[in-house]
Amino acid sequence: MTLQRQVYGQEVAETQLDSGLTVVLLKKPGFTQQFAAFATHYGGMDTSFLAAGEQKVTHVPDGIAHFLEHKLFEEPDGTDVSQQFSQLGMTSNAYTGPYYTVYYFSTADHFNAGLNILLNFVQTPWFTDATVAKEQGIIEQEIRTGLDNPLRTAYFNMLESMYHYHPVRIRVEGTVESINRITKELLYQCHDTFYHPGNMMLVATGDLDFKAIEEQVRRDQAGRNYQRRDAVARVIPTEPPSVVRTEIAVEMKVSRPRVLMGFKHDAPPTGASRDYQKQLIAANLALSAVLGRITPNYWRLYEKGVLTEGFRFGYSAYPGAGFVWIDGESEDADSLVDAVTQELWRAKEQGIHPDNFEAARRQEIGSFLSVLDNPEQFAGTFITHRFNGLDFLANPELLSEVSLDDGQDFLQQLIRDDNRVVSLVEPLKGGVD
Amino acid sequence: MNRMTGLPPQFATVRLGTDMHLHVASTETFKRTTVAAFCRQPLAEETVAAVGLLPRVLRRGNSQWPTAMDLERELDGLYGTHLGTGVQKIGDTHLSWFVLNLPGDRYLDQPVFAKGIRILLQTMFSPVIEGEGLKKDYVEQEKQLQVGRIRSLINNKSSWAVFRCLQHMYQDDPFRHYELGTVEGVKALSAADLLRQHRRQTATAPIDFYVVGDVSLSEAQQALQEYTHIAGKAQEPVRTQVTSGTGESRTVVEEEVMGQGWIVLGFRTDVRYSAPERHAMSFLNGVLGGFVHSKLFLNVREKAGLAYQANSGYNANKGYLLAIAGIDPAKYQQALDIMLKQVDDLRRGNITAMEMDATRSRLLSRMRLTQDDAISRMMYHLTGNIEGSRATVQETLERIAAVSKEDVIAAAQRLRLDTIYFLKGVN
C-alpha cells in the first residue's frame with residue numbers, strides 16, 4: 001500500500017515493505033540533485049538494550065553507535081565505500097545523533113547505482129581487530145576537536161548537569177576512554193540489533209519515480225531473507241525530576257563567555273502522539289514570542305550588547321526527555337541569564353503577547369517552506385521526526401491548530417527555579433591577548 | 001530544464017543604470033524566492049572597516065522603518081521574510097551583500113514579493129541619518145558587536161588556523177585585510193565616516209541585483225524601477241593581484257591552550273580566475289584533498305589514522321590553495337611529512353586514472369548541483385562578472401571534462417609552498 005500525501009504542493013509517497021523497511025520519496029521536480037538517506041532508529045543514547053532473543057540487558061560503551069557509523073564505510077577489501085561513490089561523482093557521508101544514524105549519498109544522476117551501494121554497505125557489516133584499532137585513533141581526534149569547541153562543551157556540560165541517568169546526557173562520540181573499550185564483537189551485536197529493516201527507513205528526494213525506487217529496494221530486501229522482529233527494547237533508567245546541579249562553569253581559550261541555559265521538562269510525554277507534537281510546536285512558538293527578534297526586549301538586549309546575533313533557543317525533544325535550551329555568546333553572561341530568565345517569568349505570570357504569538361506562527365510557516373527547498377535538510381528532518389514519533393508533514397496543520405493557551409500552558413509547566421541549569425564557558429583567567 | 005544541457009533556465013540580464021544590472025532566473029522549482037543585491041568595492045585599508053560595518057548599521061533601520069522593531073514587524077507581516085546583510089571577500093574585491101528570502105507568492109493569501117523588494121531597497125539606500133552621520137546609537141552598538149565578532153574568530157580553532165596562515169601569506173597584499181577589518185579600525189569609525197562611505201558606495205560602486213524564483217524579469221524590473229535613477233558613475237574595476245610569491249617558504253608556529261594541533265600548508269599559484277588553467281588547478285585540488293578519494297584523506301586519515309579532518313581547498317579568486325589537518329600536536333612532523341609527500345607526488349605525476357576519473361565526476365557533479373541553490377547560482381554568475389570570466393555553466397562543465405593528467409601535472413609545477421603554519425595546542 002502506498003500512502004500519497006501533498007502539503008504546499010510537496011508530494012510525498014511512502015510504503016512499508018515485507019521486511020519491515022519503510023521507503024519514502026520526497027518528490028522534488030526540477031531539482032538536479034538526487035539524494036537518498038538510509039537511516040536507523042539508533043544513536044548515542046542506545047547503550048542499554050535487549051538484543052533479539054535475549055533476556056538479559058546488554059550494556060555497551062558510550063560512542064558505539066557513532067563508531068559503528070564510521071566502521072560501516074570500510075569494505076572487506078580494506079577500501080572505504082566512499083571511494084565507490086566518489087568514482088561515480090557522488091558524495092556520501094553519515095551522521096549520528098542521540099537516537100538516529102543516517103547514511104546518505106547525493107548525486108546528479110545514476111541514482112540507482114548509488115542506491116545499490118548505499119543499501120549494500122549499510123547492511124553488510126565487516127569489522128576486524130586491526131581496523132577497529134585504527135579507527136580509535138581517528139575518532140580520538142574527532143573527540144578532541146569536539147572538546148576544543150566551546151559550544152559543544154557548554155551544551156554537554158548543561159545536559160550532564162540536567163540529567164542524572166537519562167542517556168540524552170551521553171556524548172554521541174563517546175570519550176577517549178569509552179571508545180577504547182569497543183570491540184568488533186560489540187559492533188556486530190549492535191549492528192544485528194539495530195540495523196534490522198524494521199528499525200530503519202529509506203528516504204529519497206529528487207525528481208525521481210517512486211515505483212522504481214520501491215521496486216529496487218524490494219528486490220534488495222528479498223535477497224537478504226530478513227525475518228520480522230519485534231521492536232528493539234531500550235532500557236531507559238528512571239530519571240528523577242530534579243537536576244544534578246544548577247550551575248557549571250569551565251574556562252577555555254575563547255574571546256567571550258558562551259552561555260547555555262536550559263529548563264528541564266520533568267514529565268515529558270512518553271510515546272508519540274499528535275498532542276505531543278502540538279505541544280512541541282506550542283513550546284517553540286511560545287519561546288519565539290517571548291525571546292525572539294519580534295520582541296522589544298530582544299532589541300533592548302541587543303542594543304546593550306548583552307546578546308549577539310547568534311542568540312538561539314528552542315525546545316528539544318528526545319524519547320523520554322525534553323528541555324528548553326537557550327544559547328548565546330555575551331560579553332556579560334550574568335546579564336544575559338538574568339534577562340532571559342526574567343522575560344520568561346514575566347510571560348509566565350502576565351501572559352504571552354498575542355501579536356507576538358501570531359508573528360511566531362507566521363514565521364514558522366515560512367520556515368517550513370524553506371525546509372522543503374533544501375532536500376537534504378528535508379529528508380533529515382523527516383527522518384528525525386519519524387524516529388521520535390512525530391510527523392514533519394503535519395506541522396502546517398498543527399501550526400494552525402495551536403492556541404495561545406497551549407503556549408501559556410507550556411510556560412507554566414517549564415519555567416521554574418528548580419529545573420534551570422546554567423552552563424558557562426568563560427575565557428581563561430588572565431584575559432585574551 | 002533545457003533538454004540539451006540538462007540545466008535549468010539561466011539568468012537573463014537587463015541594465016538598470018550605469019553599472020547597475022538585474023539578473024533574473026525564473027523557476028518554479030523553489031517554494032521560496034531569493035533576491036540579492038551585491039555592491040562591489042576594492043578591498044583597501046582605508047575603507048575595510050567602514051565597508052564591513054555599513055551593512056550591519058543599515059540592517060538596523062531605514063527612513064521608512066526606522067527601528068529594528070519596525071523592520072521586524074514589517075518582515076514578519078510578509079510571512080517571516082528574512083533579510084540578511086553582510087560582507088565578504090572575492091579576491092581583492094570587498095563585496096557587500098543584501099539578501100532577501102521570501103515565501104513564493106503562490107503559497108500565500110497575499111503577495112509579498114513587491115513589498116519585500118521595497119524593504120530591501122529602503123535598507124540599501126535610505127539609512128536613518130542624524131546630523132552629519134548615520135544614527136549614532138546604531139553605529140556605536142554595531143561597532144561594539146563587530147569588535148566582538150572579530151575577537152570571536154579564535155573560538156573556532158580550525159578556521160583560526162586558516163585565518164592566521166593567510167595573514168602570514170599575504171602580509172603585503174590587500175588580501176591580508178579581514179573582511180570586517182581590525183578591532184582598532186572598527187573602534188576608530190565615526191557615524192560621519194559611515195555616512196560618507198554610504199554616499200560613496202551608492203554613487204560609485206557597481207551593483208548587481210539577482211532574483212531566483214517564480215518571478216519574471218519584467219515583474220522584477222518593475223519592482224526595482226523607482227530606484228534605477230540612483231546608479232552613478234562607474235568606478236575602476238578591481239583587478240585581483242595574483243602572484244606566486246618568491247618560492248621560498250617559511251614555517252610559523254603559534255601556540256594556543258587547546259587539545260589538538262592544526263597544520264595549514266599555504267600554497268600560492270600564479271593562476272588567475274580567468275585563466276584557462278584554473279580548471280586544472282581546481283582539478284589538482286580535487287586529487288590532493290578536495291574529496292574522500294583524495295590523497296590527503298586517504299594517506300593522513302585512512303592509512304596513518306593521524307587525523308579526523310585532512311583536506312585541501314582552492315581559492316580560485318585569489319589563486320591560493322590550503323591543505324589542512326587536525327592532529328595530535330606530538331605527531332606534527334609525521335603528519336607534515338605525509339602531507340608534503342602528497343604534493344610532491346602530484347608534481348612527479350603520481351596520479352592514477354582512478355584519481356582522475358573520480359575527481360572529474362565529482363567536479364562535474366558539484367558544478368551541476370549548484371543549480372539547486374539560489375545563492376550558489378548567483379555567486380557563480382557574479383564571480384564570473386567580477387573576475388572577467390563570463391563562461392556559462394555549460395562551458396565550465398565542458399572545460400572540467402577536458403582537463404587531462406598532463407594539465408594537472410603542469411598545474412602542480414605552478415604550486416609554490418609559501419607558509420607552513422602550525423597552530424599548536426598546549427596545556
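Lettering of chains follows the sequences in order, A, B, ..., and the numbering in each one begins at 1.
- When His82(B), Glu28(B), Arg366(B), Arg56(B) are compared by the number of non-hydrogen pairs under 4.5 Å with chain A, Arg56(B) comes out ahead.
- Closest approach of Ser361(B) to Gly89(A), counting heavy atoms only: CB-CA, 3.1 Å.
- Top candidate by heavy-atom pairs under 4.5 Å with chain B, chosen from Arg293(A), Met90(A), Arg144(A), Arg258(A), is Arg293(A).
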Start with the C-alpha distance between Glu303(A) and Asp137(B), add both sets of side-chain angles, then the distance that settles side chain to side chain contact (heavy atoms under 4.5 Å, CB included), and finish with yes or no.
CA-CA 8 Å; Glu303(A) 284 166 11; Asp137(B) 283 355; over 6 Å; no
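- Judged as a side chain to side chain donor-acceptor pair (under 3.5 Å), and not counting sequence neighbours, Asn284(A) has no contacts.
- Judged by distance alone, with hydrogens and angles left aside, the side-chain atoms of Asp76(B) form no donor-acceptor pair with the main-chain N or O of Ala360(A) at under 3.5 Å.
- You'll find the side chain of Leu428(A) reaches within 4.5 Å of the side chain of Val257(B), heavy atoms only.
- For the pair Ser255(A) and Ser152(B), the tightest heavy-atom approach, listed with the atom from each and the gap, is OG-CA, 3.1 Å.
- Rounded to the nearest 0.5 Å, atoms CZ (Arg73(B)) and CG (Asn356(A)) are 7.5 Å apart.
- Chosen from Gly148(B), Ala304(B), Pro103(B), the residue pairing most often with chain A at heavy-atom distances under 4.5 Å is Gly148(B).
- Here Ala108(A) is the residue among Gly292(A), Ser106(A), Gly78(A), Ala108(A) with the most heavy-atom pairs under 4.5 Å with chain B.
- Within the 4.5 angstrom heavy-atom criterion, only side-chain atoms of Leu298(B), from C-beta onward, approach chain A.
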Mind running ring pair (Phe, Tyr, Trp, His ring centres under 6.0 Å) on Phe31(A) and Phe30(B) for me, showing each step along the way?
CA-CA 9 Å; Phe31(A) 271 71; Phe30(B) 304 113; 5.5 Å; yes
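- Of the listed residues (Ala68(B), Ser365(B), Gly77(B)), the greatest number of heavy-atom pairs within a distance under 4.5 Å of chain A belongs to Ala68(B).
- With chain B as the partner, the residue from Val425(A), Thr107(A), Thr145(A) showing the most heavy-atom pairs under 4.5 Å is Thr145(A).
- Legend: side-chain hydrogen bond (donor to acceptor under 3.5 Å, both in side chains) pairs involving residues 365-377 of chain A, not counting sequence neighbours, sorted by first then second residue: Gln33(A)-Glu376(A).
- Interface remark: Glu142(B) contributes side-chain atoms only to the contact with chain A (heavy atom separation under 4.5 Å).
- Proximity to chain B is limited to the backbone of Leu88(A), based on heavy atoms less than 4.5 angstrom apart.
- Interface remark: of the candidates Glu302(B), Gln144(B), Lys157(B), Glu302(B) forms the most heavy-atom pairs closer than 4.5 Å to chain A.
- Taking a cutoff of 4.0 Å between a charged side-chain nitrogen and a carboxylate oxygen, Arg368(B) and Asp109(A) qualify as a salt bridge.
- The shortest heavy-atom contact between Asp372(B) and Gly30(A) is OD1-O, 4.5 Å.
- Gln260(B) contributes atom CD, which lies 10.0 Å from atom CD of Glu142(A) (distance to the nearest 0.5 angstrom).
- In this structure, NE2 in His293(B) is found 7.0 Å from CD in Gln87(A), a value given to the nearest 0.5 Å.
- Within the 4.5 angstrom heavy-atom criterion, atoms from both the backbone and the side chain of Tyr302(A) approach chain B.
- With no hydrogens or angles considered, no side-chain donor-acceptor pair links Gln141(A) and Tyr308(B) at under 3.5 Å.
- Counted within 6.0 Å of NZ on Lys134(A), heavy atoms from surrounding residues, nucleotides or ligands total more than 12; the atom is thus considered enclosed.
- Within residues 147-155 of chain A, the residues approaching chain B closer than 4.5 Å by heavy atoms are, in numerical order, Asp148(A), Pro150(A).
- With respect to chain B, the highest number of heavy-atom pairs below 4.5 Å among Glu309(A), Lys28(A), Glu329(A) belongs to Glu309(A).
- In this structure, the portion of Glu331(A) lying under 4.5 Å from any heavy atom of chain B is its side chain and not its backbone.
- Proximity of Met354(B) to Gln83(A): side-chain heavy atoms (C-beta onward) are nowhere separated by under 4.5 Å.
- The ring pair (Phe, Tyr, Trp, His ring centres under 6.0 Å) contacts involving residues 143-164 of chain B comprise Trp160(B)-Phe163(B), Phe163(B)-Tyr178(B), where partners must be two or more places apart or lie in separate chains.
- Taken from CE in Met69(B) to OH in Tyr298(A), the straight-line distance is 11.5 Å, to the nearest 0.5 Å.
- The greatest number of non-hydrogen atom pairs below 4.5 Å with chain B, out of Ile139(A), Ile365(A), Asn93(A), Ile294(A), is found for Ile294(A).
- No side-chain donor from either of Glu364(A) and Tyr79(B) sits under 3.5 Å from a side-chain acceptor of the other.
- The shortest heavy-atom contact between Ser82(A) and Val292(B) is CB-CG2, 3.3 Å.
- Note: Asp80(A) CG to Arg301(B) CZ = 7.5 Å, rounded to the nearest 0.5 Å.
- Residue Arg149(B) touches chain A through both its backbone and its side chain, counting heavy-atom pairs closer than 4.5 Å.
- For the atom pair OG1 of Thr91(A) and CG of Leu369(B), the computed distance is 7.5 Å after rounding to the nearest 0.5 Å.
- Contact annotation for Leu306(B): only backbone heavy atoms (N, CA, C, O) come within less than 4.5 Å of a heavy atom of chain A.
- Closest heavy-atom contact between Gly305(B) and Ile138(A): CA-CG1, 3.8 Å.
- Ion pairing between Glu255(B) and Lys253(A) fails under the 4.0 Å rule for side-chain N and carboxylate O.
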